[in-house]
2 protein chains.
Amino acid sequence: MVNKDVSHPEGQDGHGPDPGRRAQLVDAAVDHVAAHGIADLSLRRLGAAIGVSHRMLIHYFGSKEQLFVEIVRTSEQRQRDLMSQLQLEPGLSPADVARRLWQQLTDPRLAGQERLFFEICGHALRGRPEAAPVLEGLVTDWLEPLVAAEVGAGSDPAVARNRARLGLATVRGLLLDLLATGDRAGVDAAMEEFLRLYYGPK
Amino acid sequence: MVNKDVSHPEGQDGHGPDPGRRAQLVDAAVDHVAAHGIADLSLRRLGAAIGVSHRMLIHYFGSKEQLFVEIVRTSEQRQRDLMSQLQLEPGLSPADVARRLWQQLTDPRLAGQERLFFEICGHALRGRPEAAPVLEGLVTDWLEPLVAAEVGAGSDPAVARNRARLGLATVRGLLLDLLATGDRAGVDAAMEEFLRLYYGPK
DNA sequence: CCACGACTGTACCAATTGGTACATGCCGCA
DNA sequence: TGCGGCATGTACCAATTGGTACAGTCGTGG
């Protein structure tokens, strides 16, 4: 009779009743958010966009905040997957690897995802707790593999960390430039200049 | 009698009745926004924080959007002023100039302003019209003086543009790193590495 | 002294928000 | 067939939002 709604007694792990459906919803949510922004997200509009009522979003995620967390986490995961799946043909020079990585990263189809990245950064820098975890991994998560690559390529371990940090920052700066200006050629040229400085001429 | 409120018949220049008071308000608004973020800004909270009623903000700015525009513009202006007022002692090497610039830019007292910059970027990338003008000047406005400096320092004009764009992007990437991690020493070291690559060793 | 116009506060409005209560439908199990 | 529980929708709530109407205050010029 009473049939009380027991959606958020789930506890803090917060996973909704049907994990499959939940994952499907968060996936659709990330797509929508990558395309339309996360700043003025409202449960009703998001629901309407992905074909459920806002009631369902609350049902599966407990609250807007937790949905937010899930979106951020999934978005991060996508970015990570993207990097891990880039197939490295052996025999390429480090510069070529970097070049390919840059190409992959600036694929126009990823523009929404990249914009979302910077948008979330902005929120996280402001201390929004649901986006704050991003700040932790923002540098360190990417630094480790890059340092490893640097060392593997023969860098002095002491310098490798600095070089990795520098490379990461430069890529992000140029990515922001690209998103803001859309000047693909100009940004690519700047990237080439960087690679020349970074790996030596030719 | 009727005393109709004629605050926004001002037209699109939108300047309120008393420019002095208006400027004072927008200044206080930028301070508050640099400290507390611009994402969840509400006229009432902002008013309470800077000591006026939200009614006054509407009165002087016509609408929230126009206040937003004014905040963005003023924030940009501050950043510009900051750069123009850095006194360049003559006889410094380009690397030293860059070093000083970096020091000035990473002054902890400016952290709020820098965070605001990235926050506004995020909103602008998402196409919020009141922040969109930022995207125009985001690169070009800073590129010209940098290119001039590069050429002045003897760079081939063809490469100067690429080098300038690269330098700008790297600075921003490292700034984002600094804001996210707070690891001043690590970021400074990466910056030193960059300067070594950029201007040659020592 | 008064009238006028600029400045500011209070009260209010419709719209939208996140979240909840209740009702309904649907599917599996006995 | 009937029952119970999950999934979903509809209707609703209090709070907050940007914006407006109206009224009061105050200095200035006549």
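Labels below follow one simple rule: chain letters A, B, ... track the order of the sequence lines, proteins then strands, and each chain is numbered from 1.
Applying the side chain to side chain donor-acceptor pair (under 3.5 Å) definition to pairs two or more places apart or across chains, those involving residues 113-125 of chain B are A:Arg126-B:Glu119, B:Ser75-B:Gln113. Sorted by first and then second residue, the salt bridge (Lys or Arg N to Asp or Glu O under 4.0 Å) pairs with a member in residues 29-53 of chain A read A:Asp31-A:Arg78, A:Asp40-A:Arg45; sequence neighbours excluded.
A:Gln66 has its CD atom 13 Å from the C1' atom of C:dG19, to the nearest Å. Rounded to whole angstrom, the span from the NE2 atom of A:His59 across to the P atom of D:dA7 amounts to 5 Å. Atoms CE (A:Met56) and P (D:dC6) sit 13 Å apart, rounded to a whole Å. Atom C1' of nucleotide D:dG19 and atom OH of B:Tyr60 are separated by 18 Å, given to the nearest angstrom. At whole-Å resolution of the value, CZ in B:Arg22 and P in C:dT8 are 14 Å apart. For the pair B:Leu57 CG and C:dC7 P, the interatomic distance rounds to 15 Å; values are reported in whole Å.
Here B:Arg165 does not pair with A:Glu193 in a salt bridge; the nearest charged N to carboxylate O distance is not below 4.0 Å.
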Is there any protein nitrogen or oxygen under 3.5 Å from a nitrogen or oxygen in nucleotides 11-18 of chain D, and what are the pairs?
{"unit_1": "D:dC12", "atom_1": "N4", "unit_2": "A:Arg44", "atom_2": "NH2", "d": "3.2"}
{"unit_1": "D:dT17", "atom_1": "OP1", "unit_2": "B:Ser42", "atom_2": "OG", "d": "3.1"}
{"unit_1": "D:dT17", "atom_1": "OP1", "unit_2": "B:Arg45", "atom_2": "NH1", "d": "3.0"}
{"unit_1": "D:dG18", "atom_1": "OP1", "unit_2": "B:Leu43", "atom_2": "N", "d": "3.4"}
{"unit_1": "D:dG18", "atom_1": "OP1", "unit_2": "B:Lys64", "atom_2": "NZ", "d": "2.8"}
{"unit_1": "D:dG18", "atom_1": "OP2", "unit_2": "B:Leu43", "atom_2": "N", "d": "3.0"}
{"unit_1": "D:dG18", "atom_1": "N7", "unit_2": "B:Arg44", "atom_2": "NH1", "d": "2.6"}
{"unit_1": "D:dG18", "atom_1": "O6", "unit_2": "B:Arg44", "atom_2": "NH2", "d": "3.1"}

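The environment of CZ in A:Arg163 is crowded: more than 12 heavy-atom neighbours from other residues, nucleotides or ligands sit within 6.0 Å.
The side chain of A:Ser53 contributes no N or O atom lying less than 4.0 Å from OP1 or OP2 of D:dT8. Under 4.0 angstrom from either OP1 or OP2 of C:dA6 there lies no side-chain N or O belonging to B:Arg21.
A side-chain donor-acceptor contact under 3.5 Å links B:Arg184 to the backbone of B:Thr106.
Under a cutoff of 6.0 Å and an axis angle of 45°, A:Arg99 and A:Tyr199 do not form a cation-pi pair.
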